[in-house]
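A short write-up of the structure that comes next.
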Amino acid sequence: MTRVPTQGPASGPDDLAHTPRPGSLAARARAAAAPTPYLSGLNAEQRRAVEATEGPVLVLAGAGTGKTRVLTTRIAHLIATGLAWPSGILAVTFTNKAAREMKERVAHLVGPAAEGMPWLGTFHAIGTKILRRHAELVGLKSDFTILDVDDQIRLLKQVLQAENIDDKRWPARQLASLIDGWKNRALQPAKVPHGEAAAFAHGRGAELYALYEERLKILNAADFGDLLLESIRLFQEHPDVLADYQRRFRYILVDEYQDTNVAQYLWLRLVAQAHRNLCCVGDDDQSIYGWRGAEVDNILRFEHDFPGATVVRLERNYRSTGHILAAASHLIAHNEGRLGKTLRTEDEPGEKVTVTGAWDSEEEARLIGEEIEALQGKGHPLSEMAVLVRISAQMREIEDRFVQLGLPYRVIGGPRFYERMEIRDALAYLRCVVQPADDLAFERIVNTPKRGLGDATLQVLHAHARAARIPLMEAARFIVETEELKPKPRRTLRDLLANFSRWSQSLEATPHTELAETVLEESGYTEMWQKDRSAEAAGRLENLKELVRSLEEFPDLPSFLEHVSLVMDAVESDSDDRVSIMTLHAAKGLEFDTVFLPGWEEGLFPNQRALDESGRAGLEEERRLAHVGLTRARRRAKLYFASNRRIHGLWNSTIPSRFIDELPEASVEVTEAPAAYTYGSYGQSRFDMAEPFRSSYATPGWQRAQANSAGWGGGRGGQSGSFASGRGAGARRGGPLMIEGELVAKSTGTASAFGTGDRVFHLKFGPGTVAAVDGNKLTVDFDKAGRKMVLDSFVERGS
DNA sequence: TTTGGCCGAGTTTTT
DNA sequence: CTCGGCCAAA
């Protein structure tokens, strides 16, 4: 029988013998009578979600409806009423940030009792905790190391090499992502479907997966997927252990349920079986991680999986104004696979969502910069503005512009602190000191800084390590006593080993921050960056200092290393007034007064690749992403699209996103780019030029374009944007363009003035031949730029 | 063993 | 265009 130790002295029933046992009749009676001040601020649905403590509960919480509040209040309620001890509640989140926040808020509600919530954390943190207690049952030791992605790839490369597989043809990365996918679906090597295994190295995928798993066990290591998968295996193979946890977790809460993958779902189902008090909170409309294994199906199927489930819908939004909410709701209503919620607000309609067309992405960045400066001038803090992009590649141009303007900004979600090269190197040193058997860490730093211990030396070490079944460092100790290596590397290696011995010995006597500094100094690692004359070197040294500083918050090196392997994000410290720039994915869970959403163009957003790979499901996920973006805004949402965007260095002509057409006309305002680049009275509204891309012009976008064109025919001088700004050198400006523009706008939209085979001229792409005509969309083979799809209003007749 | 140049690829990302 | 990875020469 495996004993599950109790966490914290105050959390065991014995310490509070005079209070009724949780879940007992007495406890329930007390629950009914207990004063519940924390419930007073909740609305009716929120309250229902909090008070439905027994049985399965699904809370469908739309954006900004108080999801976290319900979760934390529910925990407080369980504790305050005596239904459960803090240690009897399992609360899982996806991110450390969410876990941290929840812990804080629960503590705020119920006081220090929350400190005894040992089972509030991420899936992975909780999986690790369980796994460490029963490691020997799954073939690990309790001090197993958790591999990061780098280690994983390195290990897979070794496996591939050992199997004589060309790792150029079959990259380790690709295998890593396959294995990751299998682990997300809780597939052990033997269960990998034949067809999928065939996709790698002539059907050897599953075999390699098995070999990799074998290596992991030998190294006493687990990757992220294992943290869950191995605890599932533990539960399945040792029912007594499972029963223990089932008994322990009287109440279970899950945040962001729409993001759970199959493995997490299975894990939850195992653990929740006994009491069935499972409360899942999520929003199917915010499921944006399908591509990495999240199963929207988990949330869509909840009532089926847990019969008799109470379903609570939270639809009252406390975040955004009416127009923003209307836009978001209208948009997401185009999705078919959803449970269906309608967000509503009692807030005023507020400002309409704006849609602004730009000639190209450069102008788009400029417009955003101007708008931010204007808002700033009116006293809006920069920290309340965010630019949310679809792909990181969009950030560069925005950043460039902000740098030019001197606008302070912060990029959120880029390479994280613990993922930086210098930090990983430093951590590898520390791992070697604490855990000399950590081969992957040793390999990482054995020749960093360069000390002449290259591939040749490593090969020798590997050969001996494998033959003797011992860790690399141990093998090295043996080899330096032999004549295997040439004198120079032998000497270097001996010195390095001596260093590690010394450091490991001082592990107990020396304070760990001091030891860390010593290691980095004596290994020559700090020196390496001090000598480096590159631009980043100073920053890297600064990061190393930061690393040593953050060590202070932990009692010793091992606990620090455990922390960083699970918590890859460093706590953001600066609260300066800066504009945030991030991807839409990174923005989930955040909110800002003003949100800028550039790049709403077909191909970019919805992203072509998502469409190609996942079809309709992909489109729906993209639409959810758009919905997430809009609902981040409290007061202002500003959309942009550019008619031309550089992709992989080449300029591409683009058309506005279909999502723009899916917005409700009444809540949207089409704005003109300011008239900064006017050329006489020629030129057009960019919006009109680019908008009508569908063969049917009944769309709101088209209607808006029509409304906009009311004043055409003259006097539109000030409306021009940079269309005729001289970018297309040598192009004739004026006349024909204007005529074409009117033709397009006033026609019924079915016929184009061009036919197949016509020679045309485009400002950006130069001369070309029309290859196909679809309404006002032309497919043109440009002489220089190749085949592009453009709107006929962008071209004029050429020779 | 190290370094520079060439080639190819190129969403989204947490743990 | 821009980065990372790999190979060929010092």
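What you are looking at is a predicted structure, and each value in this text was computed from that prediction instead of being measured. All heavy atoms count here, side chains included; hydrogens, waters and symmetry mates do not. Labels below follow one simple rule: chain letters A, B, ... track the order of the sequence lines, proteins then strands, and each chain is numbered from 1.
Contact check, A:Arg396 against C:dC3: a side-chain N or O comes under 4.0 Å of OP1 or OP2.
With sequence neighbours excluded, no residue forms a salt bridge (Lys or Arg N to Asp or Glu O under 4.0 Å) with A:Glu295. Remark: A:Gln188 pairs with A:Lys191, A:Leu229, A:Arg233 by the side-chain contact (heavy atoms from CB on, under 4.5 Å) rule, at least two apart or across chains. Under the ring-ring contact (aromatic ring centres under 6.0 Å, His included) criterion, A:Tyr640 pairs with no residue, sequence neighbours left out. Every residue meeting the ring-ring contact (aromatic ring centres under 6.0 Å, His included) condition with A:Phe200, not counting sequence neighbours, appears here in chain and number order: A:Trp170. A search for side-chain contact (heavy atoms from CB on, under 4.5 Å) contacts involving A:Gln161 returns A:Asp167, not counting sequence neighbours. Taking the side-chain contact (heavy atoms from CB on, under 4.5 Å) definition, one finds that A:Arg609 meets it with A:Asn607, A:Glu613, sequence neighbours left out. Every ring-ring contact (aromatic ring centres under 6.0 Å, His included) that A:Phe659 has, sequence neighbours left out, goes to A:Phe605. Here A:Glu213 pairs with A:Lys183, A:Pro189, A:Tyr209, A:Leu216, A:Lys217, A:Asp226 under the side-chain contact (heavy atoms from CB on, under 4.5 Å) rule; sequence neighbours left out.
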Show me the side-chain donor-acceptor pairs of residues 174-182 of chain A shorter than 3.5 Å, one per line, residues at least two apart or across chains.
{"residue": "A:Ser177", "atom": "OG", "partner": "A:Gln174", "partner atom": "O", "Å": "3.1"}
{"residue": "A:Trp182", "atom": "NE1", "partner": "A:Glu196", "partner atom": "OE1", "Å": "3.1"}

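Ring centroid separation for the pair A:Tyr289 and A:Trp291 comes in under the 6.0 Å cut-off.
For the pair A:Leu147 CG and B:dT14 C1', the interatomic distance rounds to 16 Å; values are reported in whole Å. One can place CD1 of A:Ile647 at 15 Å from P of C:dT2, the figure rounded to the nearest angstrom. A:Asp150 has its CG atom 16 Å from the P atom of B:dT15, to the nearest Å. Between the C1' atom of B:dT13 and the CD atom of A:Glu256 lies a distance of 14 Å, rounded to the nearest Å. Atom CZ in A:Phe123 sits roughly 11 Å away from atom C1' in B:dT15 (whole-Å rounding).
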Pairs: protein N or O with nucleotides 10-12 of chain B N or O, under 3.5 Å:
{"residue": "B:dT12", "atom": "OP1", "partner": "A:Ser392", "partner atom": "N", "Å": "3.0"}
{"residue": "B:dT12", "atom": "OP1", "partner": "A:Ser392", "partner atom": "OG", "Å": "2.8"}
{"residue": "B:dT12", "atom": "O4'", "partner": "A:Arg390", "partner atom": "NH1", "Å": "3.2"}
{"residue": "B:dT12", "atom": "O2", "partner": "A:Trp291", "partner atom": "NE1", "Å": "3.3"}
{"residue": "B:dT12", "atom": "O2", "partner": "A:Arg390", "partner atom": "NH2", "Å": "3.1"}

Any protein N or O atoms within reach of nucleotides 1-7 of chain B? Criterion: under 3.5 Å, listing atom names and distances.
{"residue": "B:dT1", "atom": "OP1", "partner": "A:Gly454", "partner atom": "N", "Å": "3.0"}
{"residue": "B:dT2", "atom": "OP2", "partner": "A:Asn447", "partner atom": "ND2", "Å": "3.1"}

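Across the C1' atoms, B:dT11 and C:dC6 are found 25 Å apart, a figure rounded to whole Å. Spacing between C:dC3 and B:dT14 at atom C1', rounded to whole Å, works out to 23 Å.
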Under a 4.0 Å heavy-atom criterion, the protein footprint on nucleotides 4-10 of chain C, written with B, S and -, is --SS---

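In terms of modelled atom types and a separation under 3.5 Å, the side chain of A:Glu601 and the main chain of A:Ala642 share a donor-acceptor contact.
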